[in-house]
Amino acid sequence: MYVEDIIKQIKVNYPDQREFHQAVQEVLISLAPAIAKHKKYQDYAILERMIIPDREIIFRVDWVNDRGEIQVNTGYRVEFNSAIGPYKGGLRFHPSVNIGIIKFLGFEQVLKNSLTTLSLGGGKGGSNFDPKGKSDAEVMRFCQAFMNELYRHIGAHTDVPAGDIGVGAREIGYLFGQYKKITNRFDGVLTGKGLNWGGSLARPEATGYGCVYFAQEMLKERGESLSGKTCTVSGSGNVAIYTIEKLYQLGAKPVTASDSKGMIYDENGIDLGLLKEIKEYKRESLEEYAKIKPKCKYIKISDYKEGTNAVWNIPCFAAFPSATENELNLCDAKNLLQNGCKCVSEGANMPSTLEAIDLFLKSKICYGPGKAANAGGVAVSGLEMAQNASMHSWDFESVDNHLRSIMENIFVKSSETAKEFGDPTNLVLGSNIAGFRKVADAMIEQGV
Ligand code: NDP
């Protein structure tokens with residue numbers, strides 16, 4: 001009843017924030033057994049306090065485009081919870097960004113960061129600015145204008161943003177440059193920085209590699225592996241590219257990628273070098289990949305069968321949703337299972353709808369929710385902060401080894417918690433409760 005009341009309250013108080021309702025609902029329903037077991041969480045009004053951010057900062061961002069015209073966007077930084085460390089979470093630049101999206105991402109981030117075992121609170125931010133089609137100079141002017149407000153709220157021990165959709169190395173560079181100009185400080189105030197100025201080796205690879213390590217752990221427990229298996233991946237950005245790279249390193253065959261215009265199915269395996277050239281360096285559409293590789297099948301989004309994502313129609317042993325929220329619905333989940341899929345490991349945040357998650361849990365395949373499976377990115381961001389604080393840089397192998405052991409730990413902790421609550425294969429329940437308990441106990445210990 002307590003949990004249901006809180007979910008109702010969220011829907012009444014914030015009627016337009018659909019993605020936020022969805023994230024809260026998924027988490028709170030799976031927390032119910034822990035709340036029932038430990039009365040203190042209700043006594044201390046932990047859920048009421050955890051669903052409302054510490055603060056929501058919303059600001060106007062004015063900048064000038066290449067034609068000299070004034071442009072106006074909205075900027076957001078939601079500092080959600082700092083019970084176990086400074087706020088930490090990415091910035092997203094995409095036209096779909098609104099306060100509901102940033103709140104869903106920030107809420108997820110609190111529990112995800114707790115799972116990493118590092119001392120990181122949770123936050124998220126971004127803007128409805130669309131970097132697509134903008135010149136480098138326009139992106140730079142936007143980032144500078146965005147930082148002109150953001151700098152007052154962030155700090156190495158306060159709030160440390162990073163990248164997300166639409167925010168990669170280029171944007172982090174412009175943001176950091178402006179922060180430094182305004183404050184005259186060289187602080188570890190952003191992660192995902194360039195290697196020559198405080199960045200960490202293996203940060204670009206971390207989310208994708210970590211997501212594959214997590215799949216490996218889920219499969220290992222059942223005596224299975226990815227070697228020799230066909231895999232499907234959605235997206236073609238940072239997470240998707242390094243998921244594909246790690247899958248190849250482990251002897252698997254990734255056969256798909258997608259973007260906001262369509263998807264490619266390359267039966268012999270995605271050509272990773274070509275994918276990087278088109279998406280990372282030239283920032284073009286995947287249609288260009290298909291032009292160079294005529295044997296590959298390209299399907300435009302407008303030609304997807306209604307209500308489905310064509311990526312999930314391709315038979316695979318393991319699927320890695322790595323594009324965006326709600327890109328895998330009930331129909332897609334049914335298609336995956338009918339085609340023999342045995343493992344879903346989420347690189348994106350909340351890529352599966354609530355109905356799709358229910359089906360995965362009922363089918364008892366290996367299902368790694370994003371909060372656990374994609375925590376490798378923020379974990380290596382935490383390692384970047386540790387390197388900045390000590391003024392040392394670690395080599396690639398050390399960071400990668402740390403990443404692997406953090407992902408193993410997250411799996412073990414989620415799986416043990418799921419067993420403790422009598423639902424051994426349910427890693428949604430396991431990861432949510434494991435992440436929640438650490439934050440909730442810290443809140444109780446720190447007083448009201
Ligand atoms: P990028 O911007 O690098 O790539 C995003 C990819 O998803 C692009 O291929 C983009 O297509 C595609 N995409 C975006 N929106 C849509 C849409 N509405 N429909 C179809 N395709 C879409 O972002 P990341 O790879 O960094 O992020 C991907 C996901 O992973 C997000 O959910 C993010 O929150 C999550 N994540 C990222 C982390 C990181 O370290 N970067 C850490 C943890 C989670 P196009 O090229 O056409 O724009």
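As the structure lists them, so they are numbered: ligands from 1, and atoms in each ligand from 1. Along the sequence shown, the residues carry numbers beginning at 1. These numbers come from the heavy atoms of this one structure, side chains and all, not from hydrogens, waters or symmetry mates.
With respect to atom 25 (O) of ligand 1, the closest heavy atom belonging to the protein is V239 N, 3.0 Å. Closest to atom 28 (C) of ligand 1, if we only count protein heavy atoms, is A323 O, 3.2 Å. Remark: minimum distance from atom 48 (O) of ligand 1 to any protein heavy atom is reached at K132 NZ, 2.8 Å. Atom 32 (O) of ligand 1 has N349 N, 3.2 Å as its closest protein atom, hydrogens excluded (heavy atom only). If you check which protein heavy atom lies closest to atom 27 (O) of ligand 1, you get I165 CG1, 3.7 Å. Closest protein heavy atom to atom 34 (O) of ligand 1: D164 OD1, 2.7 Å. Among protein heavy atoms, atom 4 (O) of ligand 1 sits closest to G237 CA, 3.2 Å. Looking from atom 47 (O) of ligand 1 to the surrounding protein, the closest heavy atom is S260 OG, 2.4 Å.
Heavy-atom separations between G168 and ligand 1 are all 4.0 Å or longer. Under the 4.0 angstrom criterion for non-hydrogen atoms, E325 is not in contact with ligand 1. By the 4.0 Å heavy-atom criterion, E327 is excluded from the residues contacting ligand 1. Ligand 1 lies less than 4.0 angstrom from a heavy atom belonging to G166. Proximity of M350 to ligand 1 is not established, as no heavy-atom distance is less than 4.0 Å.
The ligand atoms of ligand 1 that sit less than 4.0 angstrom from a heavy atom of G347 are 30 (O), 35 (C), 36 (N), 44 (C). Proximity to S258 (heavy-atom distance under 4.0 Å) selects the following atoms of ligand 1: 9 (O). Every atom of ligand 1 is numbered from 1 in the order shown, and the set under 4.0 Å from a heavy atom of T324 is 15 (N), 16 (C), 17 (C), 18 (N), 32 (O). Atoms of ligand 1 lying under 4.0 Å from any heavy atom of R92, numbered from 1 in the order shown and given with element: 31 (C), 32 (O), 33 (C), 34 (O). Interface of A348 with ligand 1, defined as ligand atoms under 4.0 Å from a residue heavy atom, comprises 29 (C), 30 (O), 32 (O), 35 (C). Atom numbering of ligand 1 starts at 1 in the shown order; those under 4.0 Å from a heavy atom of R203 are 40 (O).
Side chains of Q25 and K11: a donor on one and an acceptor on the other come within 3.5 Å. Counting only N and O atoms by type, the side chains of S431 and S414 include no donor and acceptor under 3.5 Å apart. With no hydrogens or angles considered, a side-chain donor-acceptor pair links K371 and N432 at under 3.5 Å. When only modelled atom types and interatomic distance are considered, N349 and N374 share a side-chain donor-acceptor pair under 3.5 Å. Side chains of K103 and Q17: a donor-acceptor N/O pair is present below 3.5 angstrom, by distance only. When only modelled atom types and interatomic distance are considered, Q178 and N148 share a side-chain donor-acceptor pair under 3.5 Å. Side-chain atoms of E245 and Y209 form a donor-acceptor pair, as typed in the model, at a separation below 3.5 Å. Defined by atom type and a distance below 3.5 Å, a donor-acceptor pair is present between the side-chain atoms of K246 and Y213.
No donor-acceptor distance shorter than 3.5 angstrom exists from the side chain of S381 to the backbone of A379, with no hydrogens or angles considered. Under the 3.5 Å distance criterion, the side-chain polar atoms of D332 are matched with a main-chain donor or acceptor of N329.
Y367 is listed as a side-chain neighbour of E346, based on a closest heavy-atom distance under 4.5 Å.
The nearest non-hydrogen atom to atom 15 (N) of ligand 1, considering only K112, K261, R283, H94, comes from H94. When T207, T243, N309 are checked for heavy-atom proximity to atom 42 (C) of ligand 1, T207 turns out nearest.
Of the heavy atoms in K279, only side-chain atoms (C-beta onward) come closer than 4.0 Å to ligand 1. Only backbone heavy atoms of S322 (N, CA, C or O) come within less than 4.0 Å of ligand 1; its side chain stays farther off.
For residues 374-400, every residue pair satisfying the ring pair (Phe, Tyr, Trp, His ring centres under 6.0 Å) rule, not counting sequence neighbours, is listed here: W394-H402.
In terms of polar-atom proximity, defined here as any N/O pair under 3.5 Å, N238 does make such a contact with ligand 1.
F176 pairs with exactly one of W197, Y151, F146 by the ring-ring contact (aromatic ring centres under 6.0 Å, His included) rule, that one being W197.
A distance of 6.0 Å or more separates the ring centres of F142 and Y174.
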